[in-house]
Chemist: 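Got a structure for you, questions after.
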Amino acid sequence: MVDMNSLSQALQKGDRNTVVELVKAALAEKAPAKKILEEGLIAGMSVIGDKFKKNEVYVPEVLIAARAMHGGLEILEPILAKAGVEPVGRVVLGTVKGDLHDIGKNLVGMMLRGGGFQVLDLGTDVAPEKFVEGAKKSGKCIVAMSALLTTTMPQMTGVVKALKAAGVTEAKTLVGGAPVTQKFADEIGADGYAPDAASAVDRAKELAGK
Ligand code: B12
């Protein structure tokens, strides 16, 4: 029997090959895909998330663990989709208009996927209307915005306003990026702020009501 803890451990070490092998072996033993996802992959990624918050691991370790996670998810996703397993929530993610920084955004996206969210990544330099379009497509979702420049932070205000103007009331907004603060989030009327990728998952879960 494949032990979910060894799968979690392999993910934490960033050992993609072992993760892929163990996921395949667990499926061959008829372990439910949801269990493999929750007790193996998501459990491992949340350990990495906690360590990242405490500065016990750094960006490269998170990226390697996320790559291993991705290996496992590729195998599980079609099975989960067929079984109709609902994601924890949907996130429309992007770096705001005029801003090309995407390392932090990508990390946030990886951790959110690791937390069981379905992520629509719109990339960088995303105009408010693109966020609105993505949110309309996704229905009940979280619009997550990243900004690394003080000059592009005001774009977040634009997105919050554009969502309201378009009547997209089902979408919550989450903001982050090095210059962004809780105070700024409050000022622009965003629903949430998180200082790092691991906390982003906690906030997103709160916003999704999970
Ligand atoms: C790498 C980098 C670049 C790369 C970007 C490559 C890429 N693909 O991303 C390049 C070289 C392209 C670049 C360009 C520029 N850069 Co630059 N860049 C950086 C640098 C060194 C690191 C940013 C980074 O990736 N950090 C690592 C990640 C993991 O951290 P992070 O982004 O903060 O993300 C974390 C959190 O903030 C949070 N988070 C991030 N997004 C989100 C979103 C949500 C929803 C949530 C909840 C959380 C969250 O979680 C992440 C993970 O924990 C910073 C300096 C710094 N130390 O921050 C400057 C910096 C951001 N850049 C700066 C500048 C000025 C520029 C340029 C204008 C330079 C120029 N004159 O051309 C251009 C602008 C280009 C543009 N239009 O965007 C300034 C910004 C100053 C300011 N206050 O506005 C900085 C601070 C450097 C400095 N000290 O002057 N840059």
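Counting starts at 1 for both ligands and their atoms, following the listed order.
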Chemist: Begin with the C-alpha distance, continue with both residues' side-chain angles, and end with the deciding distance and a verdict on side chain to side chain donor-acceptor pair (under 3.5 Å) for Ser199 and Asp196.
Modeler: CA-CA 5 Å; Ser199 323; Asp196 58 62; 2.8 Å; yes
Chemist: Quick one: does Thr151 get an N or O within less than 3.5 Å of an N or O on ligand 1?
Modeler: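 Thr151 vs ligand 1: no N/O contact under 3.5 Å.
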Chemist: What I'd like to find out is whether the side chain of Val62 reaches to under 4.5 Å of the side chain of Met111, using heavy atoms alone.
Modeler: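 Val62 vs Met111: side chains touch.
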Chemist: Which option out of Leu100, Val180, Thr95, Ile142 puts a heavy atom nearest to atom 78 (O) of ligand 1?
Modeler: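 It is Leu100 that holds the nearest heavy atom.
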Chemist: Among protein heavy atoms, which sits nearest to atom 45 (C) of ligand 1, and what does the distance come to when rounded to 0.1 Å?
Modeler: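 Result for atom 45 (C) of ligand 1: Met145 O, 3.4 Å.
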Chemist: Below 4.0 Å from any atom of ligand 1, is there a heavy atom belonging to Tyr193?
Modeler: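 Distance cut 4.0 Å: Tyr193 fails for ligand 1.
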Chemist: Provide the number and element of each atom of ligand 1 under 4.0 Å from a heavy atom of Ala144.
Modeler: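 Reading through ligand 1 atom by atom, the close ones are 45 (C).
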Chemist: With only distance considered, is Ala197 within less than 3.5 Å of ligand 1 through an N or O on each side?
Modeler: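 Such a contact does occur with ligand 1.
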Chemist: To which protein heavy atom is atom 7 (C) of ligand 1 closest, and what is the distance rounded to 0.1 Å?
Modeler: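 Checking every protein heavy atom, the shortest distance to atom 7 (C) of ligand 1 gives Asp102 OD1, 3.4 Å.
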Chemist: Give me the residue, atom name and distance of the protein heavy atom closest to atom 77 (N) of ligand 1.
Modeler: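 Result: Gly98 O, 3.0 Å.
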Chemist: Tell me the contacting part of Val175 for ligand 1: side chain, backbone, both, or neither, using a 4.0 Å heavy-atom threshold, strictly below.
Modeler: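 For Val175, the contact with ligand 1 is made by the backbone alone.
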Chemist: With a 3.5 Å distance limit and no angle check, can you tell me whether Thr95 reaches the backbone of Ala147 through a side-chain donor-acceptor pair?
Modeler: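 No; zero donor-acceptor contacts below 3.5 Å.
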Chemist: To the nearest 0.5 Å, tell me how far Met145 CE sits from Met156 CE.
Modeler: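 If I round to the nearest 0.5 Å, the distance is 6.0 Å.
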Chemist: If we ignore hydrogens and angles and just use 3.5 Å, is the side chain of Ser138 paired with the main-chain N or O of Ala135 as donor and acceptor?
Modeler: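 No: the side chain of Ser138 does not pair with the backbone of Ala135.
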Chemist: If we set the cut-off at 4.0 Å for heavy atoms, which region of Arg203 has an atom near ligand 1: side chain, backbone, both, or neither?
Modeler: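 Arg203 to ligand 1: no contact under 4.0 Å from either part.
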Chemist: Which residue and atom name correspond to the protein heavy atom nearest atom 14 (C) of ligand 1, and how close is it?
Modeler: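 Closest protein heavy atom to atom 14 (C) of ligand 1: His101 NE2, 3.7 Å.
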Chemist: Roughly how far, to the nearest 0.5 Å, is the CG atom of Asp15 from the CD1 atom of Ile64?
Modeler: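 Rounded to the nearest 0.5 Å, the CD1-CG separation comes out at 11.0 Å.
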Chemist: Output yes when a side-chain donor or acceptor of Tyr193 lies under 3.5 Å from a complementary backbone atom of Phe184, and no otherwise.
Modeler: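 Checking the backbone N and O of Phe184 against the side chain of Tyr193, no donor-acceptor pair under 3.5 Å is found.
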Chemist: Please report which non-hydrogen protein atom sits nearest to atom 86 (C) of ligand 1, along with the residue it belongs to and the distance in Å to one decimal place.
Modeler: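 Looking at atom 86 (C) of ligand 1, the protein heavy atom closest to it is Leu148 O, 4.7 Å.
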Chemist: Closer than 4.0 Å to some heavy atom of Leu174 - which atoms of ligand 1 meet that?
Modeler: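 Per the distance check, 45 (C), 47 (C).
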Chemist: Does any N or O in the side chain of Asp102 come within less than 3.5 Å of the main-chain N or O of Lys105, such that one atom is a donor and the other an acceptor?
Modeler: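 Side chain of Asp102 to backbone of Lys105: no pair is present.
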Chemist: Under 4.0 Å from a heavy atom of Ala200: which atoms of ligand 1 are those, numbered in the order shown and with their elements?
Modeler: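 The atoms of ligand 1 under 4.0 Å from a heavy atom of Ala200 are 47 (C).
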Chemist: Just to be sure I'm reading this right: ignoring hydrogens, which of Gly177, Ala190, Ala178 gets closest to atom 49 (C) of ligand 1? Compare them by their nearest heavy atoms.
Modeler: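 Looking at heavy atoms only, Gly177 sits closest to atom 49 (C) of ligand 1.
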Chemist: Protein heavy atoms near atom 54 (C) of ligand 1, is at least one of them under 4.0 angstrom away?
Modeler: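 Under the 4.0 Å cut-off, atom 54 (C) of ligand 1 has no protein heavy-atom neighbours at all.
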Chemist: Kindly determine whether Met1 and Glu29 satisfy side chain to side chain contact (heavy atoms under 4.5 Å, CB included), including the steps that lead there.
Modeler: CA-CA 7 Å; Met1 279 289 274; Glu29 285 169 2; 3.6 Å; yes
Chemist: Which of these passes side chain to side chain contact (heavy atoms under 4.5 Å, CB included) with Arg113: Val119, Val91, Val108?
Modeler: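 Considering Val119, Val91, Val108, a side chain to side chain contact (heavy atoms under 4.5 Å, CB included) with Arg113 is found only for Val119.
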Chemist: Out of Ala198, Gly176, Pro195, whose heavy atom is nearest to atom 46 (C) of ligand 1?
Modeler: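 Going through Ala198, Gly176, Pro195 one by one, Gly176 has the nearest heavy atom to atom 46 (C) of ligand 1.
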Chemist: Under a plain distance cut-off of 3.5 Å, with no hydrogens placed, do Asn17 and Glu21 share a side-chain donor-acceptor pair?
Modeler: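 Note: Glu21 and Asn17 side chains miss the donor-acceptor criterion.
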Chemist: Starting from atom 1 (C) of ligand 1, find the nearest protein heavy-atom neighbour and note its residue, name and distance.
Modeler: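 Minimum-distance protein heavy atom for atom 1 (C) of ligand 1 reads Ile103 CD1, 4.1 Å.
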Chemist: Taking all non-hydrogen atoms of both residues, which atom of Val126 and which atom of Gly123 are closest, and how far apart?
Modeler: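 Between these two residues, the closest heavy atoms are CG2-O, 3.4 Å.
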Chemist: Can you check atom 70 (C) of ligand 1: any protein non-hydrogen atom closer than 4.0 Å?
Modeler: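 No; the ligand atom in question lacks any protein heavy-atom contact below 4.0 Å.
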Chemist: Would you say ligand 1 has an N or O under 3.5 Å from any N or O of Val108?
Modeler: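 No, no N or O pair falls under 3.5 Å.
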Chemist: Nearest non-hydrogen atom to atom 30 (O) of ligand 1 belongs to which of Gly49, Gly104, Ser199?
Modeler: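 Comparing heavy atoms across Gly49, Gly104, Ser199, the nearest one to atom 30 (O) of ligand 1 lies in Gly104.
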Chemist: To which protein heavy atom is atom 41 (N) of ligand 1 closest, and what is the distance rounded to 0.1 Å?
Modeler: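 In this structure, atom 41 (N) of ligand 1 has Ser146 OG, 2.8 Å as its nearest protein heavy atom.
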Chemist: Any nitrogen or oxygen of Asp196, main chain or side chain, under 3.5 Å from a nitrogen or oxygen of ligand 1?
Modeler: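 No: no nitrogen or oxygen of Asp196 is under 3.5 Å from one in ligand 1.
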Chemist: How many angstroms lie between NE2 in His70 and CG in Leu63, if you round to the nearest 0.5 Å?
Modeler: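 So the gap between those two atoms works out to 13.0 Å.
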Chemist: Taking the side chain as everything from C-beta on, heavy atoms only, tell me whether Glu39 gets closer than 4.5 Å to Ser8.
Modeler: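 No. Closest side-chain heavy atoms not under 4.5 Å.
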Chemist: Return the closest protein heavy atom for atom 66 (C) of ligand 1 as residue, atom name and distance.
Modeler: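 Minimum-distance protein heavy atom for atom 66 (C) of ligand 1 reads Leu149 CD2, 3.9 Å.
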Chemist: Can you name the atoms of ligand 1, numbered from 1 with element, that are less than 4.0 Å from a heavy atom of Asp99?
Modeler: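 So the atoms of ligand 1 that pass are 78 (O).
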Chemist: For the side chain of Thr157 and the backbone of Ile188, is there at least one donor-acceptor N/O pair under 3.5 Å apart?
Modeler: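 No, the answer is negative, given that no donor and acceptor are paired below the 3.5 Å cut-off.
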Chemist: What are the atoms of ligand 1, with element, lying closer than 4.0 Å to any heavy atom of Leu107?
Modeler: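 Every atom of ligand 1 under 4.0 Å from some heavy atom of Leu107: 29 (C), 52 (C).
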Chemist: Can you sort out which atoms of ligand 1 are near Thr150, meaning under 4.0 Å from one of its heavy atoms?
Modeler: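 Checking each atom against Thr150, I get 82 (C), 83 (N), 84 (O).
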Chemist: Using a strict cut-off of 4.0 Å, indicate which atoms of ligand 1 neighbour a heavy atom of Phe52.
Modeler: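 Going through ligand 1 atom by atom, the ones under 4.0 Å from Phe52 are 53 (O).
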Chemist: I'd like to know if Ala204 contacts ligand 1, where contact means a heavy-atom distance under 4.0 Å to any ligand atom.
Modeler: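 Ala204: no contact with ligand 1 (<4.0 Å).
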Chemist: When you measure from the side chain of Asp125 to the backbone of Gly98, do you find a donor-acceptor pair of N or O atoms at a distance under 3.5 Å?
Modeler: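 Here the side-chain-to-backbone pair exists.
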Chemist: Among all the protein's heavy atoms, is there at least one whose distance to atom 38 (C) of ligand 1 comes out below 4.0 Å?
Modeler: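 Given the 4.0 Å cut-off, atom 38 (C) of ligand 1 counts as touching protein heavy atoms.
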Chemist: Does ligand 1 have an atom that lies less than 4.0 angstrom from a heavy atom of Pro179?
Modeler: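 Checking ligand 1 against Pro179, which is what was asked, there is no heavy-atom contact under 4.0 Å.
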Chemist: Quick check: are there more than 12 heavy atoms from other residues, nucleotides or ligands sitting under 6.0 Å from NZ of Lys130?
Modeler: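 Result for NZ/Lys130: open.
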Chemist: Determine yes or no for a side-chain-to-main-chain donor-acceptor pair under 3.5 angstrom, with Glu61 supplying the side chain and Tyr58 the backbone.
Modeler: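 The answer is yes, because a donor-acceptor pair under 3.5 Å joins these two groups.
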Chemist: Is atom 64 (C) of ligand 1 less than 4.0 angstrom from at least one protein heavy atom?
Modeler: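 At least one protein heavy atom is under 4.0 Å away.
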